[in-house]
Amino acid sequence: RVGVKNNNPDRDLDITGTLRATQDVDFDAKLDVEGDTTLNATLDVDGATTLNNTLDVDGLATFNNIADSTNTTSGSVQIDGGVGIVKRLNVGGQTIILDTSESISKDSGALIVDGGVGIEKRLNVGGDALISGDTDATSSSTGALIVIGGAGIGKNFFVGEDAVIEGTTGSTSTNSGALIVGGGAGI
């Protein structure tokens, strides 16, 4: 055993003090570091890496693996706990939420959004839809639900209070006018 500034070495080479290498250093076995480590250049790791404590990254982090995700345990990045994101999240592919929590209010369900939601294309809802807004309608452009286009309703339609039809189409037959009723009308 050789000691540098160390009279009682307990390793094959035991150095008390600093070590400087101006050329490459090649380790064929494990490197055990018990104190803080500062790297002022790129760290290139070819094997698997296990971190048993916090990872704090001040710069950008890029993951180049292209594995797609089909569930919570597949994909390029898998995270066992929750994820807190302070700023915007941009997703380039389909987003699937696997949680099946039922929604009974605006504050429950598999997806809860505090702000508004802008949807560019069609919205398909597999179950009942509840709009909890209570804004009264005073025209076709006010109320809790505003539909710019037409509305096709396949089953019964109930109105809890007054119904106003703003259409001005005159009636020239039983198939024309602002209100057309196919069946009888109970008044």
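The analysis underlying the following values was restricted to heavy atoms, covering all of them including side chains, and did not include hydrogens, waters or symmetry mates.
Note that CG of Asn53 is 9.0 Å distant from CG of Leu51, once rounded to the nearest 0.5 Å. With rounding to the nearest 0.5 angstrom, the CD1 atom of Ile148 is 7.0 Å from the CD1 atom of Ile146. Between atom CD1 of residue Ile180 and atom OG of residue Ser171 there is a gap of 7.5 Å, rounded to the nearest 0.5 Å. Note that the CG atom of Leu43 and the OG1 atom of Thr49 stand 7.5 Å from one another [nearest 0.5 Å]. Atom OG in Ser105 sits 7.5 Å away from atom CD1 in Ile112 (nearest 0.5 Å).
Counting all heavy atoms, side chain and backbone alike, Asp99 lies closest to Ala110 at O-CB, 3.3 Å. When all heavy atoms of Val159 and Glu161 are compared, the pair lying nearest together is CG1-O, 3.1 Å. Heavy-atom minimum distance, Ala144 versus Asp134: CB-N, 4.4 Å. The heavy-atom pair separating Ser74 from Ser69 by the smallest distance is O-OG, 3.1 Å. The two atoms that bring Val181 and Gly184 nearest to each other are CG1-O, 3.8 Å, heavy atoms only. Contact between Asn65 and Ser76 at its shortest, heavy atoms only, is O-OG, 2.6 Å.
Note on Leu130 and Ile104: separate hydrophobic clusters, where clusters join Ile, Leu, Val, Met, Phe, Trp and Tyr whose side-chain heavy atoms are under 4.5 Å apart, directly or indirectly. A single hydrophobic cluster is seen to contain both Val33 and Phe27, as judged by linkage of ILVMFWY side chains at heavy-atom distances under 4.5 Å, directly or through other members. The hydrophobic clustering, which links ILVMFWY residues whose side-chain heavy atoms are closer than 4.5 Å, places Val77 and Ile85 together. When the side chains of ILVMFWY residues are joined at heavy-atom separations under 4.5 Å, either directly or via intervening members, Leu19 and Val25 end up in two distinct hydrophobic clusters.
Residues satisfying the side chain to side chain contact (heavy atoms under 4.5 Å, CB included) criterion with Ile165, sequence neighbours excluded, are Ala178, Leu179. Evaluation of the side chain to side chain contact (heavy atoms under 4.5 Å, CB included) rule for Ser139 yields Ser141, Thr142, Glu166 as partners, not counting sequence neighbours. For Ser176, the side chain to side chain donor-acceptor pair (under 3.5 Å) partners at least two apart in sequence or on another chain are Thr172. Listed by chain and number, the residues in a side chain to side chain contact (heavy atoms under 4.5 Å, CB included) with Arg88 are Asn90 (sequence neighbours excluded).
Annotation: side chain of Asn6 is in contact with side chain of Asn8 (closest heavy-atom distance under 4.5 Å). Counting heavy atoms from C-beta outward, Ile96 and Gln94 have side chains that approach closer than 4.5 Å. Thr72 places a side-chain heavy atom less than 4.5 Å from the side chain of Leu98. Using a 4.5 Å heavy-atom threshold, the side chains of Asp56 and Asp58 count as touching.
Chaining together hydrophobic side chains whose heavy atoms lie under 4.5 Å apart places Leu111 alongside Ile97, Val113, Val117, Ile119, Leu123, Val125.
Judged by distance alone, with hydrogens and angles left aside, the side-chain atoms of Ser103 form a donor-acceptor pair with the main-chain N or O of Ser108 at under 3.5 Å. Using modelled atom types, one side-chain atom of Arg1 and one backbone atom of Asp10 make a donor-acceptor pair closer than 3.5 Å.
Within 6.0 Å of the CG atom in Asp114, the count of heavy atoms belonging to other residues, nucleotides or ligands does not exceed 12. For Ile187, the CD1 atom sits in a loose shell: 12 or fewer heavy atoms of surrounding residues, nucleotides or ligands are nearer than 6.0 Å. The 12-atom threshold is not exceeded at CG of Leu60, counting heavy atoms of other residues, nucleotides or ligands nearer than 6.0 Å. More than 12 heavy atoms of other residues, nucleotides or ligands shown are found within 6.0 angstrom of CG on Leu31.
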Under the criterion side-chain hydrogen bond (donor to acceptor under 3.5 Å, both in side chains), I'd like the reasoning laid out for Ser173 against Asn175: C-alpha separation, chi angles, the key distance, then a yes or no. CA-CA 5 Å; Ser173 71; Asn175 294 322; 4.9 Å; no

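A side-chain N or O of Thr73 and one of Asn71 form a donor-acceptor pair less than 3.5 Å apart.
Residue pairs meeting the side chain to side chain donor-acceptor pair (under 3.5 Å) criterion with at least one partner in residues 33-47, sequence neighbours excluded, are absent.
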